[in-house]
Amino acid sequence: MSPKHKIARRAARELQNGQVVNLGIGLPTLLLNHTPEELEIFVHSENGVLGMGPRCPLNQAHPALIDSGGDYIAVRSGAAFFDSALSFALVRGGRLDVAVLGALEVAENGDLANWIIPGKFAPGIGGGMELAQKARRVIVTTTHTTRSGAPKLLRSCTLPVTAKACVHRIITELAVLDPTPQGLLLRELAQGIEAQEVLEKTEARIILPQADPPRF
Amino acid sequence: MSPKHKIARRAARELQNGQVVNLGIGLPTLLLNHTPEELEIFVHSENGVLGMGPRCPLNQAHPALIDSGGDYIAVRSGAAFFDSALSFALVRGGRLDVAVLGALEVAENGDLANWIIPGKFAPGIGGGMELAQKARRVIVTTTHTTRSGAPKLLRSCTLPVTAKACVHRIITELAVLDPTPQGLLLRELAQGIEAQEVLEKTEARIILPQADPPRF
Amino acid sequence: MPPAIDKTTDPATALARIADNSSVMVGGFGSPGTPFTLLAALLRRAPQGLTLIKNDANEQGIGVSTLMEAGCARRFVVSHMGLNSVVIEMMNQGELEVEMHPQGLLAEKIRAAGAGLAGILTDIGLETILRDQRQTMEFQGKTCIVEPSLRADAALVHAARADRWGNLVFEKTARNFNPLMATAADLVIVEALEIVDIGELDPDHIHLPGAFVDHVVPADASLPDYGVLKHHVAQA
Amino acid sequence: MPPAIDKTTDPATALARIADNSSVMVGGFGSPGTPFTLLAALLRRAPQGLTLIKNDANEQGIGVSTLMEAGCARRFVVSHMGLNSVVIEMMNQGELEVEMHPQGLLAEKIRAAGAGLAGILTDIGLETILRDQRQTMEFQGKTCIVEPSLRADAALVHAARADRWGNLVFEKTARNFNPLMATAADLVIVEALEIVDIGELDPDHIHLPGAFVDHVVPADASLPDYGVLKHHVAQA
């Protein structure tokens with residue numbers, strides 16, 4: 001299993017029956033491939049749908065039915081469509097239980113940077129700032145390091161933040177970590193990974209648990 | 001014909017094909033009895049309907065279909081229902097062509113007072129303030145004087161205003177008058193009424209036209 | 001259907017979290033859209049010191065007026081109560097603290113809370129006595145009134161149809177403040193004249209998605225309040 | 001039906017009042033809801049110096065991007081343009097002035113204009129670099145960003161169905177910014193895939209009443225833009 005699917009599979013376990021969930025573009029959308037059949041969640045997409053299903057093949061695609069990433073999707077029973085103002089009223093008004101987001105950087109206190117690299121990458125803000133700042137629970141799914149091996153989990157963000165102290169949990173292919181004011185609390189380790197590897201690949205301070213952490 | 005119906009009949013002539021119109025509670029609603037069959041207007045009611053028709057008898061009344069005064073109404077072809085935020089977005093956003101309102105007092109510059117008599121009558125604000133301030137054209141329909149014969153068209157309002165300089169036209173059982181900074185411009189006289197009577201029953205300054213005004 | 005998805009319950013259970021001194025929004029404009037079943041159940045609980053928020057006061061002996069007549073309310077945020085001389089008298093006697101707003105601004109204040117905004121800037125009422133009681137600011141060369149958003153502990157909402165997860169459809173002029181209030185309270189209780197299974201409502205024509213709703217209870221359609229009030233019918 | 005009620009016309013007639021240097025809102029989130037027929041007709045007129053306002057930049061060669069590629073736009077107010085490297089490059093080269101907003105705030109700014117509000121108070125972005133470019137104020141003990149409402153000279157709107165007076169129904173995720181923009185411009189032009197007679201739309205399920213609409217034109221359903229874009233379909 002690829003690191004991304006490993007992350008998605010672990011992250012899918014965060015979701016609980018009845019929750020209203022937004023899955024960011026990219027890795028977070030993979031969660032839908034790993035949720036158990038019996039889990040009933042309502043997936044929100046910023047462009048105005050609650051109750052979206054998975055991406056769909058050409059013969060089922062409807063030209064007026066996409067997710068916020070532009071991909072054609074199906075909807076599940078109980079879905080509803082609405083305009084962009086209501087879509088974000090749901091987010092800012094506190095009715096989004098969980099947002100699963102990608103990250104460029106996460107700081108040990110939960111600051112998230114995922115929208116701009118000044119001078120290099122500035123495609124826009126999108127819905128990410130409101131999701132990060134207002135979802136009741138923010139879960140970051142990300143590879144533990146950049147492609148070149150640089151740490152993404154830092155003492156503090158070097159990039160402009162999307163929102164401060166907003167991340168509740170970070171899930172990487174190596175570990176599950178919860179931001180705290182004192183550093184990242186190591187909650188779980190991936191199968192076959194030792195804490196030492198996580199320490200080496202992380203710039204943020206890491207708080208090790210008393211006992212051996214559970215494996216995922 | 002009663003003075004109220006005389007006023008309503010004249011006021012109905014102000015409405016033009018295609019207009020979006022709000023008719024205040026009381027006298028203004030009588031306009032619907034006097035509009036020509038072929039006139040196509042869309043009547044708005046604050047409680048969330050555009051395209052309302054006349055009040056309806058018991059056997060046609062629907063418990064979920066009233067106007068803002070609480071009376072059961074019919075709707076016409078092309079009607080739409082909406083929530084209270086959209087209902088007033090239509091008003092404040094500039095899409096209400098005409099509001100026909102009642103008055104306690106009107107000043108010669110177009111100030112309108114129709115919502116409160118401090119210490120005596122304070123049922124609330126309702127939609128009147130937004131209608132008066134934001135309708136593209138405000139027509140006041142009112143008896144020329146109070147029941148006790150006191151003038152209602154004044155140099156300036158003695159009661160707290162609903163909105164300032166908002167009235168474009170006043171229609172009473174005696175005359176049609178347009179507020180201006182210099183006083184009320186006499187535009188029309190009712191059949192059998194002389195300008196002298198209007199002058200006597202009005203406190204506001206009245207600007208008489210050069211020629212004999214048309215009769216209604 | 002797992003219990004997490006099925007939000008249907010009875011009025012008493014749904015209302016149990018409304019404590020004394022709570023703020024409670026009540027849908028409806030006049031009778032249509034007023035949650036009569038929920039109000040009757042709340043009256044039986046007889047909470048004290050409520051702040052009630054409704055477009056109007058209904059009429060004597062009807063709907064939200066019954067709570068005020070029974071002394072359950074300390075404060076009333078409202079736009080117009082012209083059809084209820086009893087509540088006007090309570091206000092005049094100082095038995096009820098009343099805060100009045102222009103109708104559309106009351107709707108916007110509630111909607112703003114639902115949309116997570118702190119407030120809105122408006123020019124409505126700027127040249128009236130309302131200005132004296134309101135905060136103003138200069139913005140882009142013009143004076144504006146700053147209206148804070150208005151949130152409540154609970155909202156009581158009436159819908160024509162709801163599915164078991166709380167997707168809502170309103171009917172005719174019974175929509176009014178209901179979908180707005182349903183976004184602006186910590187506890188949102190909906191009564192529906194008809195409760196259907198998930199999937200039976202057209203996703204393009206759901207007026208408010210179930211994410212905003214905590215409880216769904218059946219409206220007691222036998223209450224006369226849901227019928228036509230004869231004194232409001234045109235005389236032939 | 002008298003002409004005053006029938007708002008149907010052709011795209012060229014409807015667009016004639018859009019002058020150089022106008023501000024123009026364009027509905028759509030990605031392709032769904034983008035008014036492709038109106039954009040194609042506007043491109044033929046080749047206006048100069050436009051300020052365009054849209055959630056996104058569509059994609060290269062599609063929709064609002066064609067106007068920017070043709071040099072018709074001076075300024076672009078947008079939330080995200082991640083699928084359009086051409087427009088990003090125009091921004092980076094200084095050929096296009098770009099103003100970016102969080103997506104929901106862009107929607108709220110437009111809606112606020114439609115509701116006749118001067119602005120809204122929000123805490124979104126308060127702890128980010130956005131704050132540096134925005135007005136802040138203290139309100140009820142908290143710092144807020146004051147966002148001015150956003151109005152345009154014209155709005156180009158796509159609907160699934162319209163009646164001849166402009167009552168509108170949207171479909172699935174093609175609703176998005178369309179009903180909001182239709183309230184927030186001086187000239188509102190709607191293209192509809194289906195135009196029906198007055199009275200054929202269910203009054204409870206009209207998404208936007210015709211009072212907000214100036215012109216209704218038929219969408220040219222033969223344009224490939226209205227179909228499924230294959231590069232966005234999941235690979236088997």
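Note on naming: letters A, B, ... go to the chains in the order of the sequence lines (proteins, then strands), and numbering restarts at 1 for each one.
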Visitor: Name the region of C:L229, side chain, backbone, both or neither, that has any atom closer than 4.5 Å to a heavy atom of chain B.
Guide: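 Interface part for C:L229: both.
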Visitor: I need the residue from B:G126, B:G127, B:G70, B:A79 with the largest number of non-hydrogen atom pairs under 4.5 Å to chain C.
Guide: B:G126
Visitor: For B:V49, which of B:I66, B:V75, B:V43 qualifies under side chain to side chain contact (heavy atoms under 4.5 Å, CB included)?
Guide: B:V75
Visitor: Which answer fits C:D123, side chain, backbone, both or neither, if we ask what part of it has an atom under 4.5 Å from a heavy atom of chain B?
Guide: both
Visitor: Is C:V78 in contact with chain B via its backbone, its side chain, both, or neither, using a 4.5 Å heavy-atom distance?
Guide: neither
Visitor: Hey, is the main chain of C:V77 close enough, under 3.5 Å, to the side chain of C:K54 for a donor-acceptor pair?
Guide: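 Not confirmed, C:K54 side chain does not pair with C:V77 backbone.
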Visitor: Flag the one option from B:A89, B:P123, B:G124 with the top tally of heavy-atom pairs under 4.5 Å to chain C.
Guide: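 The option with the most such pairs is B:P123.
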Visitor: Using a heavy-atom cutoff of under 4.5 Å, enumerate the residues of residues 158-185 of chain B that contact chain C, numbered in order, or state 'none'.
Guide: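 Within residues 158-185 of chain B, the residues that come under 4.5 Å of chain C (heavy atoms only) are B:P160, B:V161, B:T162, B:K164.
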Visitor: Are C:Y226 and C:H158 near enough that their ring centres are under 6.0 Å apart?
Guide: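 Between C:H158 and C:Y226, which both carry aromatic rings, the centre distance is below 6.0 Å.
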Visitor: If you measure from CZ on B:F216 to CD on B:Q191, what distance do you get to the nearest 0.5 Å?
Guide: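 Going from CZ on B:F216 over to CD on B:Q191, the span is 9.0 Å.
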Visitor: Between atom NZ of B:K152 and atom OG1 of B:T142, what is the distance when rounded to the nearest 0.5 Å?
Guide: 3.0 Å
Visitor: Measure distances from C:P179 to the heavy atoms of chain B and classify the residue's part below 4.5 Å as side chain, backbone, both or neither.
Guide: side chain
Visitor: So which of B:A64, B:P54, B:S68 has the largest heavy-atom pair count under 4.5 angstrom toward chain C?
Guide: B:A64
Visitor: Output the distance between atom OG (B:S84) and atom CZ (C:F177), rounded to the nearest 0.5 Å.
Guide: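 If we round to the nearest 0.5 Å, B:S84:OG and C:F177:CZ are 4.0 Å apart.
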Visitor: Count the heavy atoms belonging to other residues, nucleotides or ligands that lie under 6.0 Å from CZ of B:R136, then report whether that count exceeds 12.
Guide: no
Visitor: Relative to chain B, which of C:H207, C:E171, C:R111 shows the most heavy atom pairs under 4.5 Å?
Guide: C:E171
Visitor: Where on B:Q133 is there a heavy atom nearer than 4.5 Å to chain C: the side chain, the backbone, both, or neither?
Guide: side chain
Visitor: Consider only side-chain N and O atoms of C:T37 and C:D220, and report whether a donor and an acceptor are under 3.5 Å apart.
Guide: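 Note: C:T37 and C:D220 side chains miss the donor-acceptor criterion.
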Visitor: Would you mind checking which part of C:L130 comes under 4.5 Å of any heavy atom in chain B, side chain (CB onward), backbone (N, CA, C, O), both or neither?
Guide: side chain
Visitor: Ignoring hydrogens and geometry beyond distance, is a side-chain donor-acceptor pair present between C:H101 and C:Q103 at under 3.5 Å?
Guide: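 The criterion, which ignores hydrogens and geometry beyond distance, is not satisfied for C:Q103 and C:H101.
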Visitor: Apply salt bridge (Lys or Arg N to Asp or Glu O under 4.0 Å) to residues B:R92 and C:E108 and explain how you reach the verdict.
Guide: CA-CA 11 Å; B:R92 290 191 312 268; C:E108 283 293 323; 3.4 Å; yes
Visitor: Just so I understand: if I count every heavy-atom pair under 4.5 Å between each of C:N176, C:L180, C:L105 and chain B, which residue has the most?
Guide: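 The candidate making the most pairs under 4.5 Å is C:N176.
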Visitor: Within the structure provided, determine whether C:I189 and C:D214 are in side-chain contact (heavy-atom separation under 4.5 Å).
Guide: no
